[in-house]
Amino acid sequence: MTLNKRILLHMCCAPCEIYPLKKLRAMNFDVGGFFYNPNIYPRDEHTLRKKYVMEYSNRVNCDIYFCEGYHEEEFQNAVKDNTERPGRCMHCWYLRLKRTAEHAKRIKVETFSTTLLVSPYQDKQAIKLLGEKAAAENGVSFFYYDFSEGYQEAVRISAMEQLYRQKYCGCKYSLAERTAVKV
Ligand code: SF4
């Protein structure tokens, strides 16, 4: 009997978890989750996204490691020299991918990936390069796949499963960009 290859999947929110988890399992990966998203602002929003990742992961029987606490200062520190898009997002992605790669190394899982690759709104080629950089720095590998083929399916399932779907990317800048009134 061949054992499935383990993969650590960084998870940003429950709706984005749906398709990558399903697809990776279909590829015979044994998927474990990792939740580290200090970019999410404010704390209540972080709590909400975390809660739904926890609930959905339980429903689909996926073990997940949650980094303790709420550390928005780690995100702020990462983006302090560049708070505008697209530079800000590069630092944000790298911070989360780096922590995922470090955790994969710690628990001896050779490969990691991220649910960030399901969103049609994220720069997948930049995420790929940053994932590979984080992987090389930690002696693990980054699994790249364009999960956005499953984005609409995830939208449909998240509505069916009554999962919380956020209305902005996550950080306080994206919240301000969404709510800014143009005159
Ligand atoms: S817009 Fe999204 S990806 Fe960009 S810095 Fe904010 S939370 Fe991170």
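Counting starts at 1 for both ligands and their atoms, following the listed order.
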Please state which protein non-hydrogen atom is closest to [atom] and give its distance, to 0.1 Å?
atom	value
atom 6 (Fe) of ligand 1	Cys171 SG, 2.3 Å
atom 2 (Fe) of ligand 1	Cys169 SG, 2.3 Å
atom 1 (S) of ligand 1	Arg88 NH2, 3.3 Å
atom 3 (S) of ligand 1	Trp93 NE1, 3.5 Å
atom 8 (Fe) of ligand 1	Cys92 SG, 2.5 Å

Does [X] [atom1] have over 12 foreign heavy atoms under 6.0 Å away?
X	atom1	answer
Lys22	NZ	no
Phe143	CZ	yes
Gln162	CD	no

Q: Tell me, please, if Cys89 has any N/O/S atom, main chain or side chain, under 2.8 Å from atom 4 (Fe) of ligand 1?
A: yes
Under 4.0 Å between a side-chain nitrogen and a carboxylate oxygen: does that hold for [X] and [Y]?
X	Y	value
Arg85	Glu177	yes
Glu110	Arg6	no
Glu102	Lys105	no

Q. Within 45° of the six-membered ring axis of Phe147 and under 6.0 Å from that ring's centre, is NZ or CZ of Lys23 located there?
A. no
Q | For ligand 1, the portion of His91 having any non-hydrogen atom under 4.0 Å away | A | neither
Q) What atoms of ligand 1 come within less than 4.0 Å of a heavy atom belonging to Asn39? A) 7 (S)
Q. Which ligand 1 atoms, with their elements, are less than 4.0 angstrom from a heavy-atom of Ser174?
A.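 Those qualifying, in numeric order: 1 (S).
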